[in-house]
Trainee: 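Quick one: the structure is below, questions incoming.
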Amino acid sequence: MDQQKPPPDGTRRQIAARPEILYKIFAPTTSLAGVGRHVADRLEKLCGKRVMDVIFHLPNNGIDRQLAANIAAAPTDRPTLLAVTIIAHHPPSAPKRPWKVIVSDNTGFLNLTYFVPKPEYLREMLPVGQQRLISGQIEHYMGERQMPHPELVAPTSELAQHVGFHPIYPLTAGLSGKILGKIVERGLAVMPELPEWFDDAFLREQNWPSFNAALTGLHHAKSLADLQPESPARQRLAHDEITAVTLGLAVTRAWLRRRPGLGLAATGDKTSKIRANLPFQLTHDQEQAISEIAADMGLPRPMLRLLQGDVGSGKTVVALMAMAVAAENGTQSALLAPTELLTRQHFHNLAKLAGPHLRIAILTAREKGRERAAILEKINNGEIDIVVGTQALFNDELQFAQLGLVIIDEQHRFGVEQRLALSQKNQQSGKAIDILVMTATPIPRSLALTLYGDLDMSQLRGKPAGRRPITTAALPLERIDEIVAALQRATARGERAYWVCPLVEESELAEITAATLRYQFLQKIFGLRVGLVHGRLRPQERDQVMQQFASQELDILVATTVIEVGVDVPDATIMVIEHAERFGLTQLHQLRGRVGRGSKPSHCLLLYQTPLGPMARQRIAALRQSEDGFFLSEEDLRLRGAGELMGTKQSGFAEFRFVDMRVHQHLFPIAAQQVAAILQRDPELTSPQGLNLRYLLYLFERDAAVRYLSSG
Ligand code: ADP
Ligand code: MG
């Protein structure tokens, strides 16, 4: 294929643009036959807008349809495939009863039962007197055999096509497995054959297939074993992903480090004044982080540092001291937050802590017109020391007089390289700007290397003084009345509570439904002092409800898992987590971190569904045992038990598509080593292998990294 040849010298720009052979998989899903607006919307909900999102959406389960000789011989301990004759339809005898379809063969009868809102279509799908193939799980019910909701009904002529193992995809409402399967096939058909980017010897040693073969093989899995994270195909894709992330970050970092830094030495002029005015004593860890950062900023090379600390560990004041150092050198700082609400919160906290010693401005989509123009001008004139904004901050209208430090508040996202690059946009002096990335996700060292490269690291492990420990209790869902009673007592004392509704991996809609029902239930008891936030609210509406909660207009905030982790409502003291067994440990810890911020004692109440599985039991025990996020993140990995399929949402590492932290951990150091070796030989990725690796970077959307290569 032409496009795969390295371009002739002098056309390096061309390499930076996404290669043409990838166009079709980066095209919108509507470019595929049979995908109209409606299906595209469903797909977007499920996996994304582009063809690649569909082909990267892997089956996570499967069904093995074994043909049973007849009804009498059909097993009841596993799904079964049967050829049957339809005898009769029995509409529901009463509301809430199923529609029954009686089928038989010469060995006996079977009831197919359906709970569906409009069951009339069943008469057409299963016409009386005809033969059909059906597949599902047979159970005994009141002395009869029944098969609830067969997963397959097909003409008997299609036997060959349906018998045997069939992969099952995670789905979303309004999109059937059958339709998704067809779309996946059309997507795979436009997937180009890509050149191999790994060493042949390494692949042979691992016994891994090619990228394309791995992907296709998983969509066409022949057994459940093929789909396990241990399978060669899954390992291969995980290694691809880890390598892309590692390489992208390494390239970005090399690019950032190529220029000299500003060398911002602390004078103490502003830092000492701010310090003297702080309403609290800095913790040992805060002091240490502040001095590490100041020392780093003083060096003549650009700072690239990560500040890790649990929610509530006090990162903001550390950031403030760093920004004060920048200001002492006559340079400006920008603090980027992931959401509007967090931006406002940072702005208020910083302004309070800095007092008159620093000039701070906020810039988000809400600052408009003349107000915005005035802010922009002050930034441009150097009349502002600190700009706090959302990431949209970095666009062309914003010109700093002299930017010295960028702080990126990541909260829970990884993949910092795009934002790292962004930060250099306003750089004018030819020198690189210092960068501090703040994250509330403590991660094990082994992973930190991949997720953040070898960024320097400061950690806040200890909590600010005066924090009371959070009492964590676990109760079965049946005891919800006790929780309600406790909430009544607490709200009567003026305390406030979060109520987090269950995570439903497959469906946001189900999640919202559950939260809405819980909201209505609590409203009956607590009246209007209950609020609800979920992912379908517009950001403005969401902020408004959060604001009402923060300003004590609401006592109870019911939320899906979208509630923002960084939001600081110090006098909220109770966190109820419903169906705690569905959450990962890291996630539970982060949710719990929203209380226990003030001086009143706080409680975290975990409501679980019985019976509690062994892994969930251990997660809850770990949570009760410790409040140390670093400890819990290690536990989280350790407890990712074999046989327990956890969705990515729960894992706390949601940005990976193919990586399963428990199984693929050993690949991280291997990838790190390989990437280091490649970059040593071929720092610009221009060798044949280097050029092939660029495809990998594009595939996993590390485009920014490719740009730095060619911009030399
Ligand atoms: P996070 O690490 O989540 O960003 P914040 O910086 O928002 O944490 O701090 C959480 C709360 O703790 C804030 O109200 C802040 O003022 C307070 N705080 C920070 N450092 C200390 C300290 N050393 N002593 C007491 N309170 C502190
Ligand atoms: Mg914060």
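Model, not experiment: these values are computed from the prediction. Hydrogens, waters and symmetry mates are skipped; everything else that's a heavy atom, side chains included, is used. Indexing begins at 1, ligand by ligand and atom by atom, following the structure's order.
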Trainee: So, using salt bridge (charged side-chain N to carboxylate O under 4.0 Å, His left out) as the criterion, who are the partners of E627 when residues are at least two apart?
Mentor: none
Trainee: Does an N or O anywhere in Q281 fall below 3.5 Å from an N or O of ligand 1?
Mentor: yes
Trainee: Please determine whether side-chain hydrogen bond (donor to acceptor under 3.5 Å, both in side chains) holds for the pair N329 and Q402, giving the CA-CA distance in whole Å, both sets of side-chain angles, and the decisive distance to 0.1 Å.
Mentor: CA-CA 10 Å; N329 287 267; Q402 172 68 278; over 6 Å; no
Trainee: Apply side-chain hydrogen bond (donor to acceptor under 3.5 Å, both in side chains) to the pair S458 and Q288, showing each step before the final yes or no.
Mentor: CA-CA 8 Å; S458 297; Q288 171 135 1; over 6 Å; no
Trainee: For the pair T390 (side chain) and T364 (backbone), establish whether a donor and an acceptor sit closer than 3.5 Å, ignoring hydrogens and angles.
Mentor: no
Trainee: Using non-hydrogen atoms of the residue, decide whether P570 is closer than 4.0 angstrom to ligand 1.
Mentor: no
Trainee: Strictly below 4.0 Å, N to O, side chains only: are E495 and R489 in salt-bridge contact?
Mentor: no
Trainee: Are any of the N or O atoms of G309 closer than 3.5 Å to those of ligand 1?
Mentor: no
Trainee: Where on D310 is there a heavy atom closer than 4.0 Å to ligand 1, on the side chain, on the backbone, on both, or on neither?
Mentor: backbone
Trainee: Taking salt bridge (charged side-chain N to carboxylate O under 4.0 Å, His left out) as the test, write out the residues that go with R592, two or more places apart.
Mentor: none
Trainee: Would you mind running through ligand 1 and noting each atom that sits below 4.0 Å from a heavy atom of S313?
Mentor: 2 (O), 8 (O)
Trainee: Applying a 4.0 Å heavy-atom criterion (strictly less than), which segment of M438 is in contact with ligand 1: side chain, backbone, both, or neither?
Mentor: neither
Trainee: State the atoms of ligand 1, each with its element, that fall below the 4.0 Å cut-off from a heavy-atom position in T316.
Mentor: 4 (O), 5 (P), 6 (O), 7 (O)
Trainee: Using a strict 4.0 Å cut-off to heavy atoms of T283, name the atoms of ligand 1 that fall inside it.
Mentor: 23 (N)
Trainee: How far does CZ of R619 sit from CD of Q587, to the nearest 0.5 angstrom?
Mentor: 10.0 Å
Trainee: Between L282 and ligand 1, find which residue part has any heavy-atom pair under 4.0 Å and reply side chain, backbone, both or neither.
Mentor: backbone
